[in-house]
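Chain letters run A, B, ... following the sequence lines, proteins first, then strands; residues in each count from 1. Side chains are part of it too, since the values below use all heavy atoms of this structure and drop only hydrogens, waters and symmetry mates.
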Amino acid sequence: MTEAAISFQGVTRLFPQKGGRDVVALDDIWLDVPQGAITGIIGRSGAGKSTLLRLVNGLERPSSGQVIVADRDVTQAEGADLRAMRREVGMIFQHFNLLASRTVAGNIALPLEIAGVPQSEIAPRVAQLIELVGLGAQADRYPAELSGGQKQRVGIARALATRPRVLLSDEATSALDPDTTRQVLELLQDINRELGLTILLITHEMAVVRDICTHVAVIEGGRIVEAGETYAVFSRPEHPTTRSFLTGVTGVAVPGFVAGQMRDAPQSDAAQAVLQITFVGDHATDPMLSRLAVECGIETNILAGAIEEIGPNPFGSLIVSLPARRPAEARAFLGEHGMMTEVLGYVG
Amino acid sequence: MSANLIALLWDSTLQTLYMVAMSSLFGTLIGGPLGVFLATSRRGELFSAPALNAALGLVANAARSTPFIILVVAIIPFTRWIAGTSIGTTAAIVPLTIAAAPFIARLVEASIREVDGGLIEAARAMGATPGQIVRKVLVPEAMPGIVLGLTLAVVSLIGYSAMVGAVGGKGLGDLGIRYGYQRFMPEVMAAVVIILIVLVQIVQSLGEWIAARFDKRAPRNRGR
């Protein structure tokens, strides 16, 4: 794919252990990050996403394989060459990593000073960046005087200072509250649109992927288990890890009073099966539960449910209970109509 | 107290100030960079040089574990080579500097190691050279701690300077021993002690004030 901004080509990263076997942090990763898109890499902690992100600006070196950024192999770059490449890749961090000894303006000026930009050009560029991230009144304040959201705005302005082609985000919203997270994500989305900047972010939060990522890669145990356009991946998730993250997208969970009584197998003839139904796209608006009752004679009891959007597409999740004698029949019917079902347990 | 004694006290105070100021200056010039290097040269760090780091650490520890009065006498040939003489106030600056430099180096090292590793990573991601990381990130961020460390070092040097009477270094400590103790003049001893207390107090307050000026972290992070 020629329009890839970043291309991981057979990247493996081993961490040698003293007297033992090597730990495989990344295992033969092949991934293209499209130009101008917002790509999310989602995985649990220890899945290898942090190592993967740091390969892009050479903070980590692979044991084998290549990482191509703007047609050049980062893994072969050294010294001044590598530093020049790093200036074309901005990075923001979970804990912001701002200098406590510098003001907002001073922090944003740092990468420009490092790049050797003349003083006379730094001030106007910094002023422009402060406007861009909406921190006009805070230029002379110190990080300790700012809220988390403001700090991350400084981090974003700083990362954009040298006009990079790519922005890397290392769990940039994980330390922020939901409201602030949304504002920071909106800012990233604006920047992506206005500057045409490619953004590669790592996260363990499904909501981040849902809200801004056009593309997603699911990483598990150092391997990419699923990747593609966000909607495509989540409308037909194939890997269990993807499915489990998907449950997180709607935040729909079995209510406590039911969860407490749930068993792995039915205990009586009157038992009810607790079923999770996930539906996407056009199906989200179909009256499937009514049809299940009418066409199969299976009555369901709704325990929890929500409909969300992934990009422009509706995405829903329902938790229902129905007679334990007939879940297979119900699942077959729903499956025929493009819905994903999973038996969570039995009550009674 | 006679005018003579007051003149003697004044001269001794100036000698002490001279010795402490010069040895603080040279001690910082040697110990500061050494401390930065010690803090950044372990395996995998910015200036990774584990062997040199270990060797310099050993030298610093050796210098710090030698009692000061022994150090003064032991390095007399070196002092003569540097200062041209081994006796007198200027000559005393040599052992004071040798004692101060490793002490300052360890204090600077500790302050630099306190700087969050995330800042180094951020600077590397910006394409900073190791030298730029030291100048623009590590030293400015460690400054409050470095200033407090230097304050501690200067106060220690005021104490050490009282011992250099052994090699004709003069100063307040020497005055206290020769007049206050050997000639049984308690008023001289009292005056010497009061002046030393005032000096230490001034240095400490000044150091804390400067450190606070550098410290832009949240108040809750201060003074804990």
Undergrad: With a cut-off of 3.5 Å and sequence neighbours excluded, list every side-chain donor-acceptor pair involving residues 143-167 of chain B.
TA:
residue, atom, partner, partner atom, Å
Thr151(B), OG1, Val147(B), O, 2.7
Ser156(B), OG, Leu152(B), O, 3.0
Ser161(B), OG, Ile158(B), O, 2.7

Undergrad: With a 4.5 Å cut-off on heavy-atom pairs, point out which of Asn57(A), Val89(A), Leu98(A) contacts chain B the most.
TA: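 The residue among Asn57(A), Val89(A), Leu98(A) with the greatest pair count is Leu98(A).
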Undergrad: Hey, which of Thr129(B), Asp116(B), Ile133(B) has the most heavy atom pairs under 4.5 Å with chain A?
TA: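 Looking at each option in turn, the highest pair count goes to Thr129(B).
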Undergrad: Would you confirm whether Lys49(A), through its side chain, and Arg44(A), through its main-chain N or O, come within 3.5 Å as a donor-acceptor pair?
TA: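 Here the side-chain-to-backbone pair exists.
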Undergrad: Using residues 47-55 of chain B as the side-chain source, report each donor-acceptor pair under 3.5 Å to any protein atom, sequence neighbours left out, with the distance given to one decimal.
TA:
residue, atom, partner, partner atom, Å
Ser48(B), OG, Gly44(B), N, 3.1
Asn53(B), ND2, Leu38(B), O, 3.0
Asn53(B), ND2, Ser41(B), OG, 2.7

Undergrad: May I ask you to name which of Met91(A), Glu145(A), Arg54(A), Glu88(A) has the most heavy-atom pairs under 4.5 Å with chain B?
TA: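 The residue among Met91(A), Glu145(A), Arg54(A), Glu88(A) with the greatest pair count is Arg54(A).
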Undergrad: For Ser101(A) and Tyr142(A), does a side-chain donor sit closer than 3.5 Å to a side-chain acceptor?
TA: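 Judged by distance alone, the side chains do not pair up.
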Undergrad: Which atoms of Gln132(B) come close to chain A, meaning under 4.5 Å heavy atom to heavy atom: side chain ones, backbone ones, both, or neither?
TA: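 Answer is side chain: those atoms of Gln132(B) sit under 4.5 Å from chain A.
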Undergrad: Tell me, out of Ile92(A), Leu82(A), Thr103(A), Leu110(A), who's got the most heavy-atom pairs with chain B below 4.5 Å.
TA: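 Top count of heavy-atom pairs under 4.5 Å with chain B: Leu110(A).
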Undergrad: Please report the interatomic distance CG(Leu26(A)) to OG1(Thr51(A)), rounded to the nearest 0.5 Å.
TA: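 Result: 5.5 Å between the selected atoms.
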